[in-house]
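Since we're looking at a predicted model, the values are computed, not measured. Below, chain A is the first sequence line, B the second, and so on; all start at residue 1. Hydrogens, waters and symmetry mates play no part in the numbers below; they use all other heavy atoms, side chains included.
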There are 2 protein chains.
Amino acid sequence: MSEVVADLSIGEVAERTGLSVHTLRFYEREGILANPVRRDSGGRRVYHENDVDWLNLCMILRASGMPLPAIRRYTELVRAGDGTEAERLVLLRKHRERVLDQMDQLRKCLDLVNFKVGVYEDALDQVAVSSATGTDARR
Amino acid sequence: MSEVVADLSIGEVAERTGLSVHTLRFYEREGILANPVRRDSGGRRVYHENDVDWLNLCMILRASGMPLPAIRRYTELVRAGDGTEAERLVLLRKHRERVLDQMDQLRKCLDLVNFKVGVYEDALDQVAVSSATGTDARR
DNA sequence: GGTTGACCTGGAGTCGACTCCAGCTCCTAG
DNA sequence: CTAGGAGCTGGAGTCGACTCCAGGTCAACC
């Protein structure tokens, strides 16, 4: 019925996630993988689609400024399973606050930059117009 | 008529901006101040309100992820004065793109976190309810 | 059976942005 | 006149998050 879900090499995971193989090994050392990575007969890492999903989640958290120690903690809680939901919730709520703070900062910055871009656009238009009226008589 | 606008010591600037005196000296080395810092007879830095304003601008840019080299470049252009507006505009537009990208990332993350927070809140409510129905018979 | 290419490890290196240290000067208050 | 506090400098240290290196294994293909 369904396709056999293939195991993945570290290189394939790198390709799928956009992380480098270096980073994947580094994240593993840092305890950032929800389930411990299996190894094949030759000692090579064997990943699963789940791992890719988890890594994508982690990448979203990282991109929003969650530090690795917090991601590690969250990972530990998920690995530990039932009974850790309360702490996960605390952790996520804390991160949400940080995200909202960052959005505020960015909005502030965006306003500023929009304003300044407007100023410079106007200034340059002025220059263009005056140089046009000075040197350009077509029409 | 108007108050004499006071000169400021590095400590006062630190207090007003929230940057440390270390960071202020560091930023100066990095060329992040719009006008070169004057010194008093004893070689101490003398700042002006303008510098505080400029630093506040820089802090907004930093907080939105503009790297110091870009801020330095922008500072150089402002210092250089007329004729550099076009490049300033380019720089600001580029940063605006980055800010918008970051906002997108944050929105994505916020959706995710909101969703997960919801899931955990529901899960914990469930626990609360079932433990209540198990042990608590008031009404 | 030799070469390639992907993978392995432990540990070192890099980069950005601070942050701090040692040892000094200078001013002011007691 | 001296003790304290704020500043000064050049340079070193720290921290987070990668990033890379040397030297080795292993399977596959020519």
What integer distance in Å separates [X]:[atom1] from [N]:[atom2]?
X: Asp40(A); N: dC8(C); atom1: CG; atom2: P; value: 8 Å
X: Leu8(A); N: dA6(C); atom1: CG; atom2: P; value: 16 Å
X: Leu24(B); N: dC20(C); atom1: CG; atom2: P; value: 14 Å
X: Arg38(B); N: dG7(D); atom1: CZ; atom2: C1'; value: 17 Å
X: His22(A); N: dC8(C); atom1: NE2; atom2: P; value: 12 Å
X: Glu28(B); N: dA17(C); atom1: CD; atom2: P; value: 18 Å
X: Glu12(A); N: dG5(C); atom1: CD; atom2: C1'; value: 14 Å
X: Arg25(A); N: dT19(D); atom1: CZ; atom2: C1'; value: 11 Å

Kindly point out which of [options] is positioned nearest to the side chain of [X]?
X: Phe26(A); options: dA17(D), dC8(D), dT19(C); result: dA17(D)
X: Ile10(A); options: dA17(C), dC7(C), dT9(D); result: dC7(C)
X: Arg62(B); options: dC8(C), dA17(C), dC8(D); result: dA17(C)

For Pro69(B) and for Arg44(B), find the nucleotide of DNA chain C with the closest heavy atom, then tell me which residue's nucleotide is more 5'.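 First, find each residue's nearest nucleotide; the 5'-ward one identifies Pro69(B).
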Residue met sooner reading DNA chain C from 5', once Ser9(A) and Tyr27(B) are mapped to nucleotides: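 The answer here is Ser9(A).
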Taking all non-hydrogen atoms of both residues into account, name the closest pair between [X] and [Y] and its distance.
X: Val113(A); Y: Leu92(B); answer: CG1-O, 3.5 Å
X: Ile32(A); Y: Cys58(A); answer: CG2-SG, 3.9 Å
X: Leu110(A); Y: Leu100(B); answer: CD2-CD2, 3.8 Å

Rounded to the nearest 0.5 Å, what separates atom CZ in Arg96(B) from atom CG in Leu89(B)?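 Reported to 0.5 Å precision, the distance equals 8.5 Å.
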Crowding at CG, Asp82(A) (>12 non-hydrogen neighbours, <6.0 Å):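 Check fails, neighbour count at 12 or below.
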[X] side chain N/O closer than 4.0 Å to the phosphate oxygens (OP1, OP2) of [N]?
X: Arg45(A); N: dC7(C); result: no
X: Arg29(A); N: dC8(C); result: no
X: Arg39(B); N: dT25(C); result: no

